[in-house]
J.: 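This is the structure, below, for whatever I ask next.
Note that the structure is a prediction, hence the values are computed from the model and not measured. Lettering follows sequence order; numbering is per chain, from 1.
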2 protein chains.
Amino acid sequence: MESPVPHEPPIYRRIADRLRDAILSGDLRDGDRLPGENALMSEYGIARATARQALAVLINEGLAVPKRGSGVYVRRFRPIRRHGSRRLSREQWGAGRAIWDSDTSGRPYTVDDLSITREPAADEAARVLDCEEVWVRRRRYSVDGRPVQIAASHFPALLVSDTPIVVPDTGPGGVYARLRDLGHAPAHFTEEVRARMPTPEESAKLDLPAGTPVIVVCRAAYAAGGTAVELNKMIMDAASYVLQYDFDA
Amino acid sequence: MESPVPHEPPIYRRIADRLRDAILSGDLRDGDRLPGENALMSEYGIARATARQALAVLINEGLAVPKRGSGVYVRRFRPIRRHGSRRLSREQWGAGRAIWDSDTSGRPYTVDDLSITREPAADEAARVLDCEEVWVRRRRYSVDGRPVQIAASHFPALLVSDTPIVVPDTGPGGVYARLRDLGHAPAHFTEEVRARMPTPEESAKLDLPAGTPVIVVCRAAYAAGGTAVELNKMIMDAASYVLQYDFDA
DNA sequence: AAGTGGTCTAGACCACAAT
DNA sequence: TTGTGGTCTAGACCACTTG
């Protein structure tokens, strides 16, 4: 028997490991350029495909972003903080210390691609809203000109047809204020949170580099009687968000 | 000038698109085998590397899992539901309808790799717990023999030294009951949720296939006076979890 | 033993960015 | 114009799984 030598990782892995260490240790900082394919080929005496493979590791880990014709760069991470329940939020707890740094500066959202359509209710919407026809408000949010979230709010058609909810400008307070006007003020929310890799469509709409997951938040709003009045499905660039939830014991 | 023909996607993308459609439409189901490299080579008349590239797309999207020496298979997705605040939870709201299907069956966790150490507090722990030395309980949770989460609970050293919190078996009610015994019952929680691609270390500990993000939950527990008494950092296999949060308007 | 995915070489042509 | 990443071919050897 051969002596059971522990397997060395393949070359491309070792190169990726070195580069990752440089990024995580701070040797390479946000926006810095990584050694390119040619540099790696000559430095390590490897073929083109192998150098690409090493860089692909970091790209798929979300640590680096390739720019065509230019180079591969260390990725930036500046998340937005999104509060689940503001009422219980950290102002009175923990002396305002956040766990992760984030952009608290309240930079303004812009909305584009707003569309309002009436459709047959699909899967989740049909089950939660318990109806067959829905009005859907779809929109995309951007911060600093970069898209960060796409959202689709579903309302039972019977509830909102011919109301301000199905026109572009819902007025002060937004759709929740209008639901209140209709006697269906949301009293309770439940949010379900998942994370996964984006579909190509989501990737395009959010302009995501490879290696970026999306956070999927599905929020149902219930009126006081327990009827579901809204189902909002949000797809967020995971590199752009920190979600915060507060609750009492 | 040439007529501006819209670019066709490269071959490997088109193949990946076809396979993705087959998966999402249900033609290929959970656990089914995808056409392998050789099959794609002969079917499309392409080189090995190109076939690999097509499969790599699906693998990095988390839709497929490669098995060495065997084939590439459609990935299974059966998440566990984790409740943020049980008290407000869906029992009384929405007639118990969950938005996403999930394993409600309460399958038991098993814990392995439990370790309890005293360490200097690092970055987040130092800031939130406002101390320089912490006790850390690290453990890994598995369900059905598959690891799904690693967690590290941090406690201020001054608070918990020589208490049942720093021994393996914390007794009925766990660490929160013991904190209560010490007069530091948690009264408020705040959780911060992020998603990102795993580090190689996390990938190894959770045995993650490529294309699987992790959900990172950082939970701080505060006693009635507002002092932080615990910081728990959890790394979860994103394909294994749905997080649920309930709150009132 | 045959088939599969994992790694790697040595070329090629292209589109795009920087200069 | 030069260098960069993006795509692709045509081979090769290996480790592993399955029959």
J.: Would you mind reading off the distance between Ile59(A) atom CD1 and dT7(D) atom P, rounded to a whole angstrom?
T.: 11 Å
J.: With nearest nucleotides of DNA chain C determined for Arg68(A) and Thr50(A) from heavy-atom distances, which residue corresponds to the more 5′ nucleotide?
T.: Thr50(A)
J.: Rounded to whole Å, how long is the line connecting atom CE of Met41(B) with atom C1' of dG3(C)?
T.: 13 Å
J.: Please tell me which of the listed nucleotides, dA10(D), dC8(C), dG5(C), lies nearest to the side chain of Pro10(A)?
T.: dC8(C)
J.: Do the ring planes of Tyr109(B) and Tyr141(B) sit parallel (below 30°), tilted (30 to 60°) or perpendicular (above 60°)?
T.: perpendicular
J.: Any Lys/Arg nitrogen of Arg76(B) or Asp30(B) sitting under 4.0 Å from an Asp/Glu carboxylate oxygen of the other?
T.: no
J.: Reckon Arg52(B) has a side-chain N or O less than 4.0 Å from the OP1 or OP2 of dG6(C)?
T.: yes
J.: Using a 4.0 Å heavy-atom cut-off, does Ile46(B) contact any base of the nucleic acid, only the sugar-phosphate backbone, or nothing at all?
T.: sugar-phosphate
J.: Please check the phosphate of dT4(C) (OP1 and OP2 only) for any side-chain N or O of Asn38(B) closer than 4.0 Å.
T.: yes
J.: dC14(C) C1' sits how many Å from Ile11(B) CD1, rounded?
T.: 14 Å
J.: May I have the step-by-step check of salt bridge (Lys or Arg N to Asp or Glu O under 4.0 Å) for Arg82(B) and Glu191(B), ending in yes or no?
T.: CA-CA 13 Å; Arg82(B) 173 187 182 272; Glu191(B) 299 199 343; 2.9 Å; yes
J.: Measure from CD on Gln53(A) to P on dC8(C) and round the result to the nearest Å.
T.: 6 Å
J.: Think Tyr12(B) has a side-chain N or O under 4.0 angstrom from the OP1 or OP2 of dC8(D)?
T.: no
J.: Please report the distance, rounded to the nearest Å, between CZ in Arg48(A) and C1' in dA10(D).
T.: 17 Å
J.: Here's a test of your reading of the structure: between Lys67(A) and Gly45(A), which maps to the more 5' nucleotide of DNA chain C?
T.: Gly45(A)
J.: Strictly below 4.0 Å, N to O, side chains only: are Arg137(A) and Glu230(A) in salt-bridge contact?
T.: no
J.: What is the separation between atom CG on Leu34(B) and atom P on dG3(C), rounded to the nearest whole Å?
T.: 20 Å
J.: Nearest whole angstrom, please: distance from the P of dT7(D) to the CD of Glu37(A).
T.: 11 Å
J.: Could you tell me whether the side chain of Arg13(B) has a donor or acceptor atom within less than 3.5 Å of a complementary atom in the base of dG6(D)?
T.: no
J.: I'd like to know if Arg29(A) and Asp32(A) make a salt bridge, using a cut-off of under 4.0 Å between side-chain N and carboxylate O.
T.: no
J.: Once you round it to whole Å, what is the distance between P of dT17(D) and OH of Tyr73(B)?
T.: 12 Å
